[in-house]
Amino acid sequence: MALILVTGGAGYIGSHTVYFLRQRGHEVAVVDNLSRGRAKSVPDGLLHQLDLRDAAGLTALLQSRPFDAVIHFAAFIAVGESTKLPELYFSNNVASSISLFEAMLKAGVKRVVFSSTAAAYGIPTHVPIIETQPSQPINPYGETKVMVERILETLDLHREFRSVCLRYFNACGSEPAAGLGECHEPETHLIPLILRAVRTGQPVTLFGDDYPTPDGTCIRDYIHVSDLAEAHINSVEHLLRGGESQVFNVGTGHGHSVKEVVAAVERVTGKKVPVTLGPRRDGDPPSLVADSTKLQITLGWKPTRADLDRIVSDAWDFAQHGTCA
Ligand code: UDP
C-alpha cells in the first residue's frame, strides 16, 4: 500500500478519489487551498490547507513523509470564467502545477496522475474520440490543461518523471455511501442544474435544440464520478508498479443528449422537469463521446456505473440528502 498526496482533495472528483483510495487501503494526505473545495469533504486529519504556489510550504510537506505519488486535481474548471479571466487560469492551473512538479522533484517524488479534460480536443474531428486526435482547445481552461500535459511530456523525457494524464468527459453522479456529491458555486453543470429545477420549480435552460444531432440537443459522455475515481486509482497503481507515462480518455463510450438527460431525471425522480429553451452556449461542440478502449486495455479499467439512470439516481440522492454547506 502506498502513501499518496492528493491535491484538490476537497473538491468534487478529488474527494471521491480520496474515499476510494482509502477503501483500497492506501494512505492519503490532502493539500487544498479551499478556494473552491470544502473542508468537510476531507476526512479528519488529512487536510493541509496550502496553495500550490507556496513552493516552500509544498516542498516541506512533500519532504515530511515518504510520499510514493501525487494525484493532482487542484485547478479551476469553469470554462466561461476562463474566457473572462485567462490570467487567473494560467496562474492557478499552470503556475501551480509547475510549482507542484518542482517541489515533487526536490522531494524525489516522480509519479503523478493529472486531471486533464476532453476540452483538450476542442471541436473533435471524429467521434468517439481517440487519444491521438490533435489537442486543439477552444478556451483558456482547455489550453491550461494541454499546457500542463506538454510540461509532463517534457519532464518524462528529461527527468524520468512519470505521469498519467486522464482526459475526463462529463463527470457526474455521487457516491451515496461516502456522503459526497457535486457542489460547485456557481453550478454550471447540466445534471445538478436539472435536479435543482426539479426541487425549486425554476426552469433549467436547454442551450440550443438546433444541433446536428438526432433530437437537436448536444450529446455528451456522462461518466460516474466513482468510475472516474477508480480510473485514478488504476492509474496511480500503474505508476507505482513502474509503468510508463500515458494519456487516457475516461468516459463510458456512450453519448446522451441533453433531452435524454432530462428524460432520465423524470424517470428517476418521477417528476416533470420544468425546462425553457435558450440559445446555444458559446464553444459547445455538438457531440463529445470518449473512446476509452486504451484505458480499458492498458489498465483493465471498466466503468461499472455507466447506466444513465444510475448516475442520475446517485446525483438525486445527494441533492436530497447531501449538503454543500
Ligand atoms: N447544458 C444545458 N443547460 C445548462 C447547462 C448545460 O443545456 O444549464 C448543456 C450544455 O450545453 C452541454 C451539456 O448540457 O451540451 C453538458 O454541459 P455541462 O456544462 O454539464 O458540461 P460540459 O459538456 O460543458 O463540460
Side-chain angles (χ1 to χ4, degrees), residues 11-13 36 73 75-84 89 93 115-124 127-129 135 137-146 166-174 181-225 228 249-266 273-290 308 311-312 314-316 318-319:
Y12 172 47
I13 306 169
R36 305 215 169 155
F73 293 99
F76 288 159
I77 59 155
V79 170
E81 182 184 52
S82 81
T83 61
K84 293 190 185 80
Y89 276 67
N93 293 6
S115 295
S116 191
T117 173
Y121 298 108
I123 313 277
V127 177
I129 303 168
S135 293
I138 54 166
N139 54 60
Y141 164 69
E143 195 72 57
T144 64
K145 293 290 180 178
V146 170
L166 295 177
R167 294 181 180 159
Y168 313 156
F169 283 65
N170 289 61
C172 47
S174 73
E182 189 166 7
C183 297
H184 298 115
E185 198 40 57
E187 188 53 77
T188 60
H189 293 109
L190 182 65
I191 292 176
L193 287 175
I194 298 177
L195 295 176
R196 185 182 294 174
V198 168
R199 284 163 63 88
T200 64
Q202 297 296 314
V204 59
T205 304
L206 307 191
F207 294 149
D209 70 349
D210 56 352
Y211 284 94
T213 60
D215 68 17
T217 61
C218 286
I219 292 174
R220 294 289 179 272
D221 185 334
Y222 293 91
I223 172 81
H224 196 294
V225 65
L228 196 46
N249 288 335
V250 197
T252 65
H254 299 287
H256 296 285
S257 72
V258 173
K259 283 186 178 166
E260 284 172 350
V261 177
V262 168
V265 170
E266 292 185 339
V273 176
V275 295
T276 167
L277 183 62
R280 290 182 176 196
R281 184 171 66 177
D282 269 356
D284 264 344
S287 178
L288 289 174
V289 179
L308 184 59
I311 289 172
V312 169
D314 284 348
W316 180 232
F318 183 75

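When a ligand or atom number is given, it counts from 1 through the structure's own listing order.
Without hydrogens or angle criteria, K145 side chain to S115 main chain gives a donor-acceptor distance under 3.5 Å.
Among residues at least two apart or in separate chains, salt bridge (Lys or Arg N to Asp or Glu O under 4.0 Å) pairs with a member in residues 195-211 are D210-R280.
Shown here are the side chain to side chain donor-acceptor pair (under 3.5 Å) partners of Y121, two or more places apart in sequence or in another chain: R167, N249. For Y89, the ring-ring contact (aromatic ring centres under 6.0 Å, His included) criterion is met by F76, not counting sequence neighbours.
In this pair, Y12 and H184 present their aromatic rings perpendicular. The plane angle is above 60°, beyond the 30 to 60° band.
Just one residue in the list I191, V198, V265 forms a side chain to side chain contact (heavy atoms under 4.5 Å, CB included) with W316, and that residue is V198.
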Tabulate distances under 3.5 Å between N/O atoms of ligand 1 and N/O atoms of the protein, writing both atom names on each line.
unit_1	atom_1	unit_2	atom_2	d
ligand 1	3 (N)	T205	O	2.7
ligand 1	7 (O)	F207	N	2.9
ligand 1	11 (O)	D284	OD2	2.5
ligand 1	17 (O)	R281	NH2	3.4
ligand 1	19 (O)	T188	O	3.3
ligand 1	19 (O)	R281	NH1	3.2
ligand 1	19 (O)	R281	NH2	3.1
ligand 1	20 (O)	L190	N	2.8
ligand 1	21 (O)	N170	ND2	3.0
ligand 1	23 (O)	N170	ND2	2.9
ligand 1	23 (O)	R220	NE	2.9
ligand 1	24 (O)	R281	NH2	2.7

